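As the structure is a prediction and not an experimental result, all values here were calculated from the model. So that the names make sense, note that chain A is the first sequence line, chain B the second, and so on, each numbered from 1.
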Number of protein chains: 2
Amino acid sequence: MSQHRHPGAPGRAGAVPALPDLPEATVARLPEYLRALHNLADAGHETISSEGLSAAAGVNSAKLRKDLSHLGSYGTRGVGYDVALLIEQIEYVLGLTQRRAVALVGVGNLGHALAGYDGFASRGFRIAALLDADPSRVGEEINGLVVRHVDELPAVATEESIAIGVIATPAAAAQRVADQLVAVGVTSILNFAPCVLSVPEGVDVRKVDLAIELQILSFHEHRKASLTALPATGGSALTALPGGLAATDTQEAIGT
Amino acid sequence: MSQHRHPGAPGRAGAVPALPDLPEATVARLPEYLRALHNLADAGHETISSEGLSAAAGVNSAKLRKDLSHLGSYGTRGVGYDVALLIEQIEYVLGLTQRRAVALVGVGNLGHALAGYDGFASRGFRIAALLDADPSRVGEEINGLVVRHVDELPAVATEESIAIGVIATPAAAAQRVADQLVAVGVTSILNFAPCVLSVPEGVDVRKVDLAIELQILSFHEHRKASLTALPATGGSALTALPGGLAATDTQEAIGT
DNA sequence: CGCGATTTGTGCACGTCTTCACAAGCGCCT
DNA sequence: AGGCGCTTGTGAAGACGTGCACAAATCGCG
């Protein structure tokens with residue numbers, strides 16, 4: 001320590017201060033901390049201890065402190081963290097100080113829901129365009145936006161600076177859409193289609209597959225059932241569920 | 001090795017053969033392998049090498065082999081894996097041999113889309129009930145199912161054996177719904193509401209937060225921008241993107 | 001029948017993540 | 001001013017996950 005890393009200085013729009021390279025596991029948790037902090041701020045808290053924040057975010061308090069320490073030293077010993085300051089810092093690191101434009105491709109069942117999801121707007125994003133390959137869907141208005149044909153992507157990209165592309169098409173169309181997104185310069189893609197996308201180096205793809213989540217739960221369900229079916233060696237199998245069952249990012253049994 | 005673990009014998013409905021306890025990371029990948037295998041089967045493949053399957057699933061081949069080895073020894077050296085057999089095995093381990101009933105609570109924007117998502121039906125699940133707390137939504141028919149009031153949950157649970165509960169309500173209502181689900185014996189919950197749920201031990205919760213995924217992408221976007229903004233020491237910063245940027249479950253730059 | 005090509009299954013080493021435990025620092029009270 | 005209680009920040013150890021590299025096993029062919 002000692003050498004205080006220059007704070008991100010989110011207010012100053014000057015030189016970009018070269019982000020600390022955070023462990024990926026930490027990055028994945030920062031949004032959760034951010035959400036919890038906003039709740040705390042709304043509830044009137046000005047400061048919060050690592051214990052309190054970690055409970056609100058559903059993680060271990062030591063883990064939280066280590067995560068936050070990667071951002072710099074923004075806590076006060078004996079007191080805790082300044083809620084407002086920490087929000088500012090995390091939003092800065094996550095790149096949420098600018099409202100990023102999102103292009104959503106595929107306005108079917110799921111895409112329709114995403115287009116209407118207000119959680120995007122409230123958490124730093126703006127749906128800038130809705131696109132679909134189906135001509136019968138083009139022209140439809142959803143939430144104040146008109147659906148355009150996916151081939152207009154280049155035009156859309158010049159009008160708006162698209163930061164992130166969201167793919168909500170059937171699997172068969174996803175790779176083609178990904179290619180089109182990459183072609184217009186998109187380097188971050190959120191893929192809801194159940195398939196693997198191949199993209200050039202430097203492009204990040206995150207995948208969300210609803211059925212996979214259910215299948216993971218199904219495994220644990222199956223496993224619990226097979227455990228209770230056994231006579232078990234000493235002690236009720238149910239109450240003796242090993243903590244190991246708790247998944248990496250599966251929260252389990254938060255103390256009352 | 002040597003002591004071949006008795007195969008799951010998915011055909012036999014006899015004694016439950018005590019599932020091997022798989023590493024959580026492996027469990028999370030099995031559904032992806034399963035999807036790839038179904039594709040391969042549809043394409044007419046009878047066997048597949050670890051190399052081929054790993055490419056289709058977007059993972060390292062050594063990792064795939066290690067994952068599969070945890071299930072038992074179902075490959076043939078010099079040949080590969082029998083596609084049909086492997087599908088059978090993975091489905092057995094994941095507990096997909098029975099079609100599990102899912103109760104979906106919250107038929108708003110997102111819930112509506114989930115109710116109509118056919119990916120559930122095609123991958124081992126059956127939406128058995130739609131529930132909502134809003135009286136004005138009760139009675140509505142979606143996809144052949146009538147929305148019932150959430151207070152009817154106990155009745156629903158006696159009619160059907162609910163294996164998994166899906167929460168697609170606003171955050172404010174989520175904890176209450178979770179409590180209700182737990183009360184009727186549900187031990188696996190998929191939570192789409194942006195909040196932490198507290199549940200008793202033995203209940204598994206998985207969370208999907210769409211905004212969080214975007215925020216993680218935003219971080220990488222921000223990071224890439226801050227890198228290119230720097231003069232950089234030797235070599236284009238863009239092409240020199242460290243592999244470390246690739247997240248744990250973020251696929252990146254699959255080789256063509 | 002034996003040999004070479006192929007592919008699985010896995011021991012081992014490495015890197016990442018988690019958790020404990022505690023020193024260092026801060027504010028408050030006397 | 002000094003001491004006490006509280007909380008952060010972090011070193012170190014252990015658990016976990018990953019990927020290489022290779023021995024073991026199987027098939028097909030001569």
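Among residues two or more places apart in sequence or in another chain, the salt bridge (charged side-chain N to carboxylate O under 4.0 Å, His left out) test is passed with B/R123 by A/D209. Under the side chain to side chain contact (heavy atoms under 4.5 Å, CB included) criterion, A/N60 pairs with A/A62, A/K63, not counting sequence neighbours. Contacts of A/P23 classified as side chain to side chain contact (heavy atoms under 4.5 Å, CB included), with partners at least two apart in sequence or in another chain: A/T26, A/H70. Partners of A/E221 under the salt bridge (charged side-chain N to carboxylate O under 4.0 Å, His left out) rule, at least two apart in sequence or in another chain, are A/K224. The salt bridge (charged side-chain N to carboxylate O under 4.0 Å, His left out) check on A/R65 picks up nothing, with sequence neighbours excluded. For B/Y33, the side-chain hydrogen bond (donor to acceptor under 3.5 Å, both in side chains) criterion is met by B/R29, B/D67, not counting sequence neighbours.
One atom, NZ of B/K66, and another, C1' of C/dC14, lie 12 Å apart when rounded to the nearest Å.
Of the possible donor and acceptor atoms, none in the side chain of A/S49 sits under 3.5 Å from a partner among the backbone N and O of A/G80.
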Please list each protein N or O that sits under 3.5 Å from an N or O in nucleotides 21-23 of chain C, with the distance.
from, atom 1, to, atom 2, distance (Å)
C/dA21, N6, A/R65, NH2, 3.4

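Counting only heavy atoms from C-beta on, B/K63 has its side chain closest to D/dG19 among C/dG27, C/dC17, D/dG19. Residue B/S50 has its side chain nearest to C/dT8 when only C/dT8, C/dT10, D/dT10 are considered.
For the contact set between residues 37-48 of chain A and DNA chain C, defined by any heavy atom under 4.0 Å, there are no members.
Counting only residues at least two apart or on different chains, the salt bridge (charged side-chain N to carboxylate O under 4.0 Å, His left out) pairs with a member in residues 35-54 of chain B are B/E32-B/R35.
A close approach under 4.0 Å does not occur between any side-chain nitrogen or oxygen of B/T76 and OP1 or OP2 of C/dT8.
A residue-by-residue look at B/G78 and A/D67 shows that B/G78 has its nearest nucleotide of DNA chain C further toward the 5' end.
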